Amino acid sequence: MTVVAQGLDNPRGLAFAQDGALYVTEAGRGGEGPCFPGPEGDEVCFGDSGAITKVAHDKQSRAISGLPSLAAPDGSGALGPSDVTPDGLGGLFFTVGLGADPALRDELPPLGRNASAWLLDGRRGTWEQVADIGAYEAEVNPDGGEPDTNPNSVVGSPIFQVVVDAGGNSLLKTTRHGISTLAVFDTREIDGQPYQAVPTSVVRGKDNAYYVGELTGFPFPPGKARVHRVVPGHAPTVFAEGFTNIIDVGFDAKDRLYVLEISHNGLLSGDPTGALIRVDHDGSRTIIASEGLIMPGGLAIRGDSAYVSNCGVCPGGGTVVRIPLH
């Protein structure tokens with residue numbers, strides 16, 4: 001692995017722009033508060049430490065800072081900017097996570113419009129909300145469960161964006177005119193115990209279908225995570241399975257699927273080692289990288305290399321690494 005960016009705060013999703021620049025979201029390190037119980041029950045505190053970093057010509061710089069962030073008092077395990085995608089017009093769409101009932105936002109300062117999709121205007125350097133995912137979850141609640149929202153992945157175009165809501169177990173289409181549901185990922189039983197899907201990632205395939213990776217909910221069983229194929233207007237189908245705690249997915253130029261696991265042995269195993277796995281056209285799997293991947297947070301593929309945000313739960317210790325695929 002080659003480090004191409006470092007010193008990042010809880011780095012997550014990343015994407016290349018048309019000019020070849022790499023953008024990586026940083027969920028931040030929270031701040032001074034207000035503080036309240038987070039999605040795992042531990043205290044989290046609000047701040048404006050979220051950011052998006054640009055990597056170009058072997059240099060890194062903050063493309064935008066001052067974004068909302070929720071994190072433990074030590075800055076770890078943040079929820080904030082979670083993914084980014086170019087809009088095709090020189091700007092960037094990005095999502096900001098929450099991981100809670102959208103009603104919780106009433107306790108946050110005005111900046112705390114978490115659970116939203118935003119647009120960064122590349123010419124002006126300003127950003128604006130383009131879709132309130134939290135409000136949609138509160139009103140529509142596509143999966144019918146307890147209200148919970150955590151936008152975690154986005155793919156886009158100048159006309160619309162497709163967003164995975166990990167908390168809402170749904171795949172959503174957003175435009176400036178509103179939000180609609182493309183798919184819902186239902187709770188299933190594994191060994192008699194119910195598990196939520198917790199979809200974490202979405203990529204658009206060459207067939208124009210959407211491929212969605214799932215984390216699988218608590219207690220995060222090893223080997224039970226799946227990749228779904230979603231054709232708008234049809235129910236999701238399982239495209240590949242047998243993975244553990246998927247955090248991101250992508251395709252290379254040969255249309256081979258890559259799956260990034262945040263924890264190869266399971267989130268309750270105590271082992272923070274992740275894995276990048278290639279799925280060939282015949283269904284065979286190859287572990288491309290594992291050793292050295294520590295709770296990775298996002299994947300982007302360009303040419304013969306994969307770019308992974310590494311140590312995605314680390315304040316100040318996160319990196320982006322380049323991994324050769326040939």
Side-chain angles (χ1 to χ4, degrees), residues 1-2 13-16 18 20 22 83 85-86 152-157 162-164 166 171 173 182-186 188 190 197-216 221-266 273-293 296-310 320-326:
M1 303 180 191
T2 303
L14 61 170
F16 283 93
Q18 288 88 343
L22 177 65
D83 198 15
T85 187
N152 201 66
S153 184
V154 58
V155 294
S157 72
V162 173
V163 177
V164 160
L171 184 68
K173 179 180 179 180
L182 292 179
V184 173
F185 304 95
D186 295 325
R188 60 178 165 142
I190 302 174
V198 192
T200 53
S201 47
V202 59
V203 65
R204 191 174 186 175
K206 290 184 178 180
D207 58 357
N208 290 323
Y210 295 98
Y211 292 81
V212 178
E214 65 178 21
L215 185 78
T216 60
K224 300 299 183 181
R226 305 172 296 181
V227 178
H228 301 266
R229 182 176 182 267
V230 177
V231 176
H234 299 270
T237 58
V238 175
F239 179 76
E241 56 189 335
F243 303 99
T244 300
N245 303 148
I246 299 172
I247 195 65
D248 210 349
V249 293
F251 286 98
D252 66 9
K254 296 180 180 179
D255 204 30
R256 296 177 297 187
L257 175 69
Y258 289 78
V259 174
L260 182 65
E261 299 176 332
I262 188 173
S263 175
H264 186 53
N265 292 316
T273 305
L276 177 64
I277 301 170
R278 185 179 68 223
V279 182
D280 285 300
H281 297 300
D282 62 1
S284 61
R285 284 109 189 265
T286 303
I287 296 179
I288 301 299
S290 184
E291 183 179 355
L293 289 181
L299 168 68
I301 297 175
R302 185 176 178 86
D304 293 329
S305 298
Y307 294 76
V308 174
S309 54
N310 203 15
V320 174
V321 296
R322 182 175 62 244
I323 302 170
L325 298 179
H326 57 275

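All residue numbers refer to positions in the sequence shown, counting from 1. Note that the coordinates shown come from a computational prediction; the quantities given were computed from them, not determined experimentally.
Of all heavy-atom pairs between M1 and G292, the closest is CE-C, 4.0 Å. Nearest heavy atoms, T216 versus P221: OG1-CD, 3.8 Å. The two residues V308 and P296 have their closest heavy-atom pair at CG1-CB, 3.7 Å. Between L293 and A289, the shortest heavy-atom contact is CD1-O, 3.7 Å. Here the closest heavy-atom approach between residue G20 and residue R302 is recorded as CA-NH2, 3.7 Å. Looking at every heavy atom in both residues, V164 comes nearest to P199 through CG1-O, 3.0 Å.
Distance check: L171 CG to F185 CZ gives 5.0 Å after rounding to the nearest 0.5 Å. Separation of atoms CG (D255) and NE2 (H281) is listed at 5.5 Å; rounding is to 0.5 Å. Put simply, CG on L14 and CG on D83 are 8.0 Å apart, with the number rounded to the nearest 0.5 Å. From R256, atom CZ reaches atom CG of D280 across 5.5 Å, with rounding to the nearest 0.5 Å. Rounding to the nearest 0.5 Å gives a distance of 11.5 Å between CG of D252 and OG of S305. We find the CG-OG distance between L22 and S309 to be 9.5 Å, quoted to the nearest 0.5 Å.
Residues L325 and Y258 meet the side-chain proximity criterion, which asks for heavy atoms closer than 4.5 Å. The shortest side-chain heavy-atom distance between R229 and D207 falls under the 4.5 Å cut-off. Side-chain contact between K254 and R278 is absent, with no heavy atoms from C-beta onward closer than 4.5 Å. A 4.5 Å side-chain heavy-atom check between E261 and N245 finds every atom pair outside the cut-off. Two residues are said to be in side-chain contact when any heavy atoms from C-beta on lie closer than 4.5 Å; S263 and T244 fail this criterion. Side-chain atoms of V202 and V230, non-hydrogen and from C-beta on, never get closer than 4.5 Å to each other.
Atom CD of E291 sits in a sparse spot, with 12 or fewer heavy atoms from other residues, nucleotides or ligands closer than 6.0 Å.
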- Item | Trace of the side-chain contact (heavy atoms from CB on, under 4.5 Å) decision for S290 with T273 | CA-CA 7 Å; S290 184; T273 305; 3.4 Å; yes
- Worked verdict on R285 versus V279 for side-chain contact (heavy atoms from CB on, under 4.5 Å): CA-CA 5 Å; R285 284 109 189 265; V279 182; 4.1 Å; yes
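In summary, of the residues considered (I247, V249, L276), a side-chain contact (heavy atoms from CB on, under 4.5 Å) with L299 occurs for L276 alone.
Judged purely by distance below 3.5 Å, without hydrogens or angles, the side chains of N152 and T200 never pair a donor atom with an acceptor atom.
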